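Comments concern the structure below.
The analysis underlying the following values was restricted to heavy atoms, covering all of them including side chains, and did not include hydrogens, waters or symmetry mates. These numbers were taken from a predicted model, which means no experiment stands behind them.
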Amino acid sequence: QVQLVESGGGLVQAGDSLRLSCAASGRTFSSYTMGWFRQAPGKEREFVTGISWSRDTTYYADSVKGRFTISRDNAKNTVYLQMNSLKPEDTAVYYCAASTDGRISSYSREYAYWGQGTQVTVSS
């Protein structure tokens, strides 16, 4: 089992950058596929990006491709989301999630463990 705690959210202006962090507890963090999801008010939770346990595979939603970068440091049990060129439509609660599946999935049901979320607000 793993517990996840996100941090790094905040209020920024359009065009700014933010880096989110997700700290995980548990000795088996390095074996989990990790993902970031987000949920805007009145909308369903959506996949943002994911990274394999070995860091050799990443996958991005089209809406963030070229602007967001996911990375992980297995020695620190932490996964990061670097968000550049932020847009107002990126405003949402961002969630970190862990999956025992070796493949990166864009379906939230494939992720067994979730953090509490961190708010990102981008003003125009």
Side-chain angles (χ1 to χ4, degrees):
Q1 190 168 353
V2 62
Q3 293 183 326
L4 305 172
V5 179
E6 302 96 334
S7 61
L11 172 62
V12 298
Q13 293 187 332
D16 286 351
S17 298
L18 272 178
R19 189 175 82 154
L20 305 183
S21 298
C22 173
S25 63
R27 295 181 296 172
T28 58
F29 169 78
S30 61
S31 66
Y32 289 94
T33 296
M34 299 300 296
W36 286 97
F37 289 74
R38 66 186 181 186
Q39 187 166 18
K43 295 188 176 181
E44 293 186 354
R45 190 170 299 188
E46 65 173 359
F47 174 80
V48 176
T49 180
I51 188 168
S52 64
W53 67 270
S54 61
R55 299 173 295 177
D56 63 353
T57 303
T58 57
Y59 183 66
Y60 295 90
D62 288 343
S63 59
V64 305
K65 201 172 295 183
R67 299 188 298 123
F68 290 11
T69 303
I70 189 172
S71 61
R72 66 189 295 167
D73 186 335
N74 288 337
K76 295 183 178 179
N77 280 12
T78 303
V79 61
Y80 304 98
L81 180 61
Q82 178 67 43
M83 305 185 295
N84 298 329
S85 303
L86 282 162
K87 304 175 181 180
E89 51 264 44
D90 294 318
T91 295
V93 177
Y94 283 71
Y95 297 91
C96 172
S99 169
T100 56
D101 195 318
R103 301 168 299 173
I104 300 171
S105 173
S106 61
Y107 294 100
S108 59
R109 62 176 179 265
E110 300 294 334
Y111 294 79
Y113 306 103
W114 293 82
Q116 82 290 349
T118 185
Q119 177 70 47
V120 172
T121 303
V122 184
S123 63
S124 58

Validation row: Glu6, Gln116 side chains within 4.5 angstrom (heavy atoms): yes
Thr118 (side chain) donor-acceptor with Ser7 (main chain) under 3.5 angstrom: no
Approximate separation, where rounding is to 0.5 Å, of Thr69 OG1 and Met83 CE: 11.0 Å
Point-to-point distance, once rounded to the nearest 0.5 Å, from OG of Ser108 to CD of Glu46: 11.5 Å
Separation between OG of Ser85 and CZ of Phe68, rounded to the nearest 0.5 Å: 9.0 Å
Least distance between heavy atoms, Thr78 atom then Ser21 atom: CG2-CB, 4.3 Å
Which atom of Ile104 lies closest to which atom of Gly50, heavy atoms considered: CD1-O, 3.6 Å
Qualifying disulfide bond (SG atoms under 2.5 Å apart) pairs, either residue in residues 13-124, two or more places apart: Cys22-Cys96
Where at least one partner belongs to residues 16-43, residue pairs that pass ring-ring contact (aromatic ring centres under 6.0 Å, His included), sequence neighbours excluded: Tyr32-Tyr113, Phe37-Phe47, Phe37-Tyr111, Phe37-Trp114
With Thr58 via side chain to side chain donor-acceptor pair (under 3.5 Å) - residues at least two apart: none
Heavy atoms from other residues, nucleotides or ligands near CD of Gln119 exceed 12 (cutoff 6.0 Å): yes
ILVMFWY cluster, Val120 and Leu81 together (side-chain gap under 4.5 Å): yes
Verdict with reasoning, Met34 to Leu4, per side-chain contact (heavy atoms from CB on, under 4.5 Å): CA-CA 11 Å; Met34 299 300 296; Leu4 305 172; 4.0 Å; yes
Heavy atoms of other groups near Lys43 NZ, more than 12 under 6.0 Å: no
Distance in Å, Glu110 CD paired with Thr100 OG1, rounded so as to fall on 0.5 Å steps: 9.0 Å
Test side-chain contact (heavy atoms from CB on, under 4.5 Å) applied to Ile51 and Thr33, step by step: CA-CA 6 Å; Ile51 188 168; Thr33 296; over 6 Å; no
For residues 88-95, which side-chain N or O atoms pair as donor and acceptor with protein atoms under 3.5 Å away, sequence neighbours left out?
residue: Asp90; atom: OD1; partner: Arg38; partner atom: NH1; Å: 2.9
residue: Asp90; atom: OD1; partner: Arg67; partner atom: NH2; Å: 3.0
residue: Asp90; atom: OD2; partner: Arg67; partner atom: NH1; Å: 2.7
residue: Asp90; atom: OD2; partner: Arg67; partner atom: NH2; Å: 3.4
residue: Asp90; atom: OD2; partner: Lys87; partner atom: N; Å: 2.8
residue: Thr91; atom: OG1; partner: Pro88; partner atom: O; Å: 2.9
residue: Thr91; atom: OG1; partner: Val122; partner atom: N; Å: 2.9
residue: Thr91; atom: OG1; partner: Val122; partner atom: O; Å: 3.4
residue: Tyr94; atom: OH; partner: Arg38; partner atom: NH1; Å: 2.9
residue: Tyr94; atom: OH; partner: Asp90; partner atom: O; Å: 2.6

Quick one: side chains of residues 10-20, donor-acceptor pairs under 3.5 Å with protein atoms, not counting sequence neighbours, listed by atom name and distance.
residue: Asp16; atom: OD2; partner: Gln13; partner atom: N; Å: 3.1
residue: Ser17; atom: OG; partner: Asn84; partner atom: OD1; Å: 2.9

Distance, nearest 0.5 Å, that separates CG of Asn74 from OG1 of Thr28: 11.0 Å
Side chain to side chain contact (heavy atoms under 4.5 Å, CB included) partners of Asp56, counting only residues at least two apart: Ser52, Ser54
Working for side-chain contact (heavy atoms from CB on, under 4.5 Å), residues Tyr80 and Asp73: CA-CA 8 Å; Tyr80 304 98; Asp73 186 335; 4.2 Å; yes
